Each structure stands twice: as C-alpha cells, then as structure tokens.
Amino acid sequence: MVRVRFAPSPTGYLHVGGLRTALYNYLFAKRHGGICILRIEDTDRTRLVEGAAEALLTTLRWAGIEFDESPEKGGQYGPYVQSERFDLYRQYSAELVERGAAYYAFDTPEELDAMRKRMQDAGIAWRYDRTTMRNQYTLGEAETKRLLEENAPKTVRMKVPLSGEIRFEDLVRGPIEVPARDVDDQILLKSDNFPTYHLANIVDDHLMQITHVIRGEEWLPSTPKHALLYDAMGWERPKFAHLPLLLNPDKTKLSKRQGDVAVEDYREKGYFHEALVNFVALLGWNPSSDREIFSMQELIDTFDLSKVNKAGAVFDVQKLDWMNSEYLRAKPLDELARDIMPAMQASGVTTTPEYLASVIGLVRERIHKLNEVPAFTTYMFHVPTEYEAEYKEKHWLPEHAAPMRTLAERLAATEWKAAPLQEATKAFAKESGIKIGVFMNVLRLMVTGRSVGAGMFETMELLGKDECVKRIDAALVVFGG
RNA sequence: GGCCCCAUCGACUAAUGGUUAGGUCACAACCCUUUCAAGGUUGCAGUACGGGUUCGAAUCCCGUUGGGGUCACCA
C-alpha cells in the first residue's frame with residue numbers, strides 16, 4: 001500500500017513549489033490507489049504563524065487536493081500535528097542515545113558560533129567536532145551524568161560515522177553517494193527539548209508508515225542523515241524522490257521579490273485552480289506526449305514518478321496566462337457567470353446570470369482571466385459617458401452625422417440579430433458609397449465609447465435595439481451632429 | 001569554499017544508440033477581418049564545450065565549463 005505525505009510548516013502562505021510537491025504526492029497516491037496524508041510540521045515555535053495551517057488547507061482544497069488523513073480529518077496514525085507528538089520524539093531521541101547512534105552535547109549557541117567563526121576564519125569547512133567540543137565523550141561519564149541530573153541545557157546530536165560512504169537510492173536521480181566525513185553531527189533534540197526537522201520527520205514517516213518521501217530537491221543534502229537515522233533505529237527506509245526546484249527567470253530558486261510565489265496570490269489574481277494545477281504539474285514532469293491540457297483526473301491517470309525531470313524548471317507566467325485562457329474558453333458560461341457575479345456586483349453592476357453569461361461569451365476570447373470581465377465590459381452595463389479621444393479623433397468626421405442617422409434608422413427597421421444587422425449595414429455602405437469600415441468604427445465608438453471590444457453586431461444584438469438607438473442618438477448630440 | 005545535484009530552442013519539454021532533433025508558450029510574418037482578440041499558415045530558434053566508446057551519440061563513459069541547492073538549537 002502506497003502511503004505518502006505532504007508536510008508543510010505553518011509559517012505563512014502556500015508556496016507554488018509546495019503546491020507542486022503536494023500535487024505530485026497526491027497524484028502518486030491516487031495513481032496507485034494509495035493514501036495521501038497531510039502532516040503539519042510546527043516544531044519551530046518561533047516561526048509559527050497563527051492560522052497558517054488552516055489557510056494552507058483551504059488553499060490546497062481550492063486547488064483540488066484532498067487528503068485521506070490530516071489534522072482535521074484524523075486517521076489511525078495521528079495526531080497529524082507535530083507539536084502534539086513531542087513525547088514521541090523525546091522517547092526516540094533517548095533510544096538513539098541508548099543505541100549509541102546519538103549523544104548529549106552541552107555546548108551553548110555562543111560557543112558554537114565562536115567555533116564556527118574561528119574555523120571559517122581559518123578557511124576550514126565547519127563540522128561539529130565531537131572530540132573537542134563539550135559533550136558526553138569529552139566530558140566523561142561522571143560529568144555527563146552530573147550535568148544531566150542538574151538539568152543543564154543540552155542537545156542530542158547524531159553520531160555520524162567519521163569515514164565510509166553513505167548511500168541511498170533516489171527515484172528520480174538514481175544512486176547517490178556521499179562521504180560520511182562531510183556529514184555533520186546534526187542536532188536532533190534542541191535544548192528546549194523540541195525536536196529538529198530531521199528527528200521529527202523520520203519518526204513520523206516511520207510511525208505513519210510512509211512508503212515514499214516525495215519532496216523538493218532542497219532536501220537532498222540532508223537525506224544522508226535521514227538514511228542514517230532509519231538504519232540506526234533498525235527501520236526500513238522509505239523510497240526517496242527529490243523533485244527539481246521551481247526557478248525564477250534568472251534560474252535561482254523561486255522566491256518572492258521576483259514575482260508571486262504564493263498560491264494565494266495567483267488565486268486572487270483570478271487564475272483558475274485547474275489552470276494553476278495543470279501548469280505546475282507540467283513543470284518538472286511530462287507524460288511524453290504533446291498534450292498540454294490535463295484535468296486532475298487525467299493527471300492522476302498518467303502520472304509517473306519515473307518521468308519526473310532532474311533539472312529545475314523556470315516558472316513562466318506567460319505560459320500560465322495562456323493556459324488560463326484555454327480554460328476560460330472551455331468552461332461553461334453559466335459557471336463563469338456565477339463565479340464572477342460577486343465581483344460584478346462589487347463594481348456596482350446589477351444584472352442577471354443569463355445576461356452576464358452572454359456578455360462573457362462575447363469577450364472571453366479577448367481576455368486571459370475571468371476577473372478582467374468587469375473592467376472590460378462596463379459598456380455592456382452602462383451607457384458610455386466618455387468616448388476614447390484618440391479613437392474618436394481617428395474615425396469621427398462631422399460629415400458622418402447624416403449617414404449615421406440614416407443608418408440608425410435602417411438598423412432600427414431590421415430584425416435585431418447580428419447577421420441581419422450586418423447585412424443591413426453592408427447594404428447601406430454600398431448604397432451610400434461610404435466604406436463599411438467607417439460605419440463599423442463609428443458605430444463602435446458611439447455604442448461602446450471604446451476602441452476595443454467584442455464583435456460589433458453581436459454586441460449590438462445583446463445590448464438590444466432600444467439601448468443601441470438611444471446610445472447612437474446620445475452620441476450624435478455629444479459629437480455635435 | 002566543502003559536499004551534492006543538474007545541463008536539448010529565450011521558457012516548458014519530447015526524442016531512453018539510427019528522426020531533416022518534434023510539440024507548446026513567447027516572438028515575427030502572412031491569411032482571415034469589423035476594433036481587439038481568437039483561428040489558420042509559415043518562420044525564428046536548441047543538443048554548453050572537449051575527449052572517448054560505437055558502423056552510428058542529444059542519448060553511454062571521462063573531463064572541462066556553467067548553473068543551482070545545501071552547509072542553523074529553520075523547515
């Protein structure tokens with residue numbers, strides 16, 4: 001049985017890289033009929049943000065990712081919040097010490113900083129030296145016992161072998177080998193008795209029977225430590241899969257400063273969750289096809305960890321925009337109308353879902369995001385009060401007044417549908433000897449006040465005869481016809 | 001700097017020893033046209049470099065260069 005987990009820290013928003021990690025875990029679990037778990041890793045009290053865990057869940061749910069086991073849903077391996085599992089970590093940390101795989105250290109942060117600085121100045125790579133620092137090996141049994149009884153501040157560090165190689169297999173990168181001498185004696189239990197990520201992570205992954213650890217590449221360097229810990233406890237190691245990083249345009253790790261990194265930002269900007277998920281799914285993975293558009297179910301059906309790429313992928317908003325517009329054009333109009341109705345009302349428009357749906361149908365090919373609808377379609381709800389100066393300058397001449405008046409009369413007498421209206425206009429252009437382009441532009445100017453918009457006759461049909469005639473008359477007055 | 005990872009058009013990627021190196025975004029041109037789009041057609045553009053292995057290399061090996069990640073009592 002496949003069991004995977006997404007384990008974020010509740011320190012704020014959901015990073016798009018986090019979304020992709022969560023998504024791959026979810027897809028992998030669903031693909032194999034497995035279980036996907038959400039675990040909150042809140043062992044660092046200093047970085048904790050109130051309400052962040054709930055926000056994370058809300059955003060993940062918006063994206064269409066549901067967990068089988070989570071803090072709110074529960075499950076038989078809970079609790080799913082690390083701060084509620086502290087006793088467990090202390091217990092296993094003690095066991096690690098008993099097994100000789102970890103030891104007590106009594107150095108203060110100041111001492112460590114000083115040592116680090118000294119080594120740095122000397123040009124030597126930093127690594128905790130357990131033969132010279134203050135720990136149970138240098139202090140001796142009696143002194144260690146005394147300090148422990150005295151409740152002196154202490155940490156528990158892992159005892160990493162001084163020689164040899166640490167090997168592990170990565171599902172996307174193959175075998176990885178690192179010299180043990182380059183691995184630091186990582187702190188497992190802090191002096192406040194709280195575990196660090198490394199301890200809490202392997203304890204929970206083991207206890208929750210996680211079979212595959214799918215996480216970002218930034219974790220690759222600490223995986224040897226995790227492998228060592230599983231071995232020390234006599235636990236079976238899960239399979240590891242380290243995902244390529246999401247990058248800024250300059251190829252550095254995707255970060256704030258260079259654009260939006262929070263999923264919430266994209267949500268607020270009006271991107272569809274389907275588009276964001278589709279886009280992010282294809283960043284670092286591809287099912288070897290030319291296909292670009294995938295629904296969640298289609299992603300589940302084709303997802304394959306072995307096809308995940310090794311190289312980082314630049315997050316290109318232009319392609320996201322394109323993908324979003326694909327969804328915008330494919331979605332049912334009534335659904336779009338329902339989604340954007342609140343924003344329409346907020347911008348002072350009262351309308352019916354049916355009319356709004358028709359309006360969206362007219363303009364959806366001209367915008368990238370649904371939330372552009374209110375600003376793009378004001379003329380569909382309000383009589384224009386202003387006319388784009390440059391556009392008017394370019395297309396309006398006083399001698400157009402008389403023919404326009406006649407055209408308006410002709411149009412009013414024809415069936416108020418796009419096709420007949422077009423025919424009538426064409427006929428009148430021919431008859432009057434004026435190019436149809438002139439009528440088109442002036443009509444657009446008078447009816448919408450804008451230089452850009454949907455097809456003119458479709459727009460007029462939807463607006464209705466009375467409204468259009470009224471607008472043309474009003475414009476004629478304003479323009480001094 | 002040590003360690004680790006990575007390397008196909010500007011971007012996302014396909015091609016797992018044999019293809020004129022394919023698709024998508026972006027960009028450009030043309031067509032369509034009623035503004036803006038959309039759509040259609042075409043174009044631009046890539047295997048980082050150097051050595052091997054092989055009849056044959058984007059693909060396998062080695063090196064170089066370049067990029068990235070990581071080196072906390074953060075995760």
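Proteins come first, then strands; the chains are lettered A, B, ... in the order of their sequence lines, and each starts at number 1. Everything numeric in this text was worked out from a predicted model, so none of it was measured.
If you run side chain to side chain donor-acceptor pair (under 3.5 Å) between A/Tyr89 and each of A/Asp204, A/Thr43, A/Asn193, only A/Asp204 comes through.
Nucleotide B/rC71 forms a pair with B/rG1, judged by Watson-Crick or G-U wobble geometry with both contacts under 3.5 Å. In a base pair of the Watson-Crick type (N1 to N3 plus N6-O4 or O6-N4) or a G-U wobble (N1-O2 and O6-N3), with each distance short of 3.5 Å, B/rA37 is matched with no nucleotide. Base pairing of B/rG10 is made with B/rC25, judged by Watson-Crick or G-U wobble geometry with both donor-acceptor distances under 3.5 Å.
A/Ile166 places its CD1 atom 19 Å from the P atom of B/rG2, with the value rounded to the nearest Å. Atom pair A/Asp107:CG and B/rC73:P shows a separation of 10 Å (rounding to whole Å applied). Atom pair A/Asp184:CG and B/rC71:P shows a separation of 10 Å (rounding to whole Å applied). Atoms CD (A/Glu372) and C1' (B/rA37) sit 12 Å apart, rounded to a whole Å. The CG-P distance, from A/Asp290 to B/rG22, rounds to 11 Å in whole Å. Atom CG of A/Asp182 and atom P of B/rG69 are 20 Å apart (whole Å). Note: CE (A/Met115) to C1' (B/rC73) measures 17 Å, nearest angstrom. Summarising the geometry, the separation between CE on A/Met456 and P on B/rC36 is reported as 14 Å, rounded to the nearest angstrom.
At a cut-off of 3.5 angstrom, the base of B/rC73 holds at least one donor-acceptor pair with the side chain of A/Ser191. With hydrogens and angles ignored, no donor-acceptor pair under 3.5 angstrom links the side chain of A/Arg173 to the base of B/rC5.
Residues A/Phe479 and A/Tyr387 bring their aromatic ring centres within 6.0 Å. Ring centroid separation for the pair A/Tyr197 and A/Trp219 comes in under the 6.0 Å cut-off. Aromatic ring centres of A/Tyr80 and A/Phe67: separated by at least 6.0 Å. For A/Tyr391 and A/His395, the distance between ring centers is under 6.0 angstrom. The distance between the ring centers of A/Phe315 and A/Tyr266 falls below 6.0 angstrom.
Using atom P as the reference point in both B/rA57 and B/rC3, the two lie 34 Å apart (nearest Å). Taking atom P on both B/rG50 and B/rC36, the two are 48 Å apart, rounded to the nearest angstrom. Between B/rA15 and B/rC60, the two P atoms lie 12 Å apart (nearest whole Å). Taking the C1' atoms as reference points, B/rU13 lies 15 Å from B/rA26, given to the whole Å. B/rU53 sits 7 Å from B/rC61 when the C1' atoms are compared, rounded to a whole Å. Between B/rC12 and B/rG17, the distance separating the two C1' atoms is 26 Å to the nearest Å. Separation of the P atoms belonging to B/rA14 and B/rG2 is 32 Å when rounded to the nearest angstrom. Atom name C1', nucleotides B/rU16 and B/rA72: the rounded distance is 41 Å, in whole Å.
At the heavy-atom level, A/Thr459 lies nowhere under 4.0 Å from the strands shown. Residue A/Thr196 is in sugar-phosphate contact alone, with no base atom involved, counting any heavy-atom pair closer than 4.0 Å across all strands shown. As judged by a 4.0 angstrom heavy-atom cut-off over every strand, A/Ala454 is placed among the base-contacting residues. Within the nucleic acid shown, A/Thr252 comes within 4.0 Å of sugar-phosphate atoms alone, with no base atom in reach, counting heavy atoms only. Residue A/Pro287 is classed as having no contact, given no heavy-atom separation below 4.0 Å to the nucleic acid.
Geometric assessment of A/Arg291 against the ring of A/Phe294 yields a positive cation-pi assignment under the 6.0 Å and 45° thresholds.
If you check B/rC12, B/rG68, B/rA75 against the side chain of A/Val314, the one that comes closest is B/rC12. Of the candidates B/rG39, B/rG69, B/rC73, B/rG39 carries the atom nearest the A/Glu326 side chain, counting heavy atoms from C-beta on. Between B/rA15, B/rG23, B/rA38, one nucleotide has an atom nearer to the side chain of A/Glu292 than all others, and that is B/rG23. Listed candidates were B/rA75, B/rC4, B/rA15. Nearest to the side chain of A/Trp219 is B/rA75. Listed candidates were B/rC12, B/rC4, B/rG69. Nearest to the side chain of A/Glu218 is B/rG69. Counting only heavy atoms from C-beta on, A/Ile187 has its side chain closest to B/rC73 among B/rC73, B/rC36, B/rC12. Of all nucleotides listed (B/rA75, B/rA11, B/rA14), B/rA75 comes nearest to the side chain of A/Asp44. Taking the side chain of A/Gln422 as heavy atoms from C-beta on, and the options B/rU34, B/rU24, B/rU35, the nearest nucleotide is B/rU34. Out of B/rC4, B/rG68, B/rG39, the shortest distance to the side chain of A/Leu245 is found at B/rG68. Distance from the side chain of A/Pro221 is smallest for B/rG69 among the nucleotides B/rA75, B/rC5, B/rG69.
Listed pair A/Thr223 / B/rC4 fails the phosphate criterion, with no side-chain N or O lying under 4.0 Å from OP1 or OP2. In this model, the phosphate group of B/rG39 is approached by a side-chain N or O of A/Arg329 to a distance below 4.0 Å at OP1 or OP2. Contact check, A/Lys253 against B/rU70: a side-chain N or O comes under 4.0 Å of OP1 or OP2. Using a 4.0 Å cut-off, some side-chain N or O of A/Lys251 falls inside it from OP1 or OP2 of B/rA11. Between A/Asn309 and the phosphate of B/rA14, there is a side-chain N or O to OP1/OP2 separation shorter than 4.0 Å. Between B/rU35 and A/Arg450, no contact under 4.0 Å exists linking OP1 or OP2 to a side-chain N or O. Here A/Lys190 reaches the OP1 or OP2 of B/rA75: one of its side-chain N or O atoms lies under 4.0 Å away. Regarding contacts with the backbone of B/rC73, a side-chain N or O of A/Arg116 is found under 4.0 angstrom from either OP1 or OP2. OP1 or OP2 of B/rA15 lies within a sub-4.0 Å distance of a side-chain N or O belonging to A/Ser288.
Position along RNA chain B of the nearest nucleotide to A/Glu41 versus A/Glu217 favours A/Glu217 as the more 5'-ward residue. Judged by closest nucleotide on RNA chain B, A/Leu282 is the one of A/Leu282 and A/Met440 placed further toward the 5' end.
Side-chain contact of A/Thr425 with A/Gln422: a donor-acceptor pair under 3.5 Å is absent, judged by distance alone.
Atoms CE and CG, on A/Met158 and A/Asp184 in that order, are 9.5 Å from each other to the nearest 0.5 Å.
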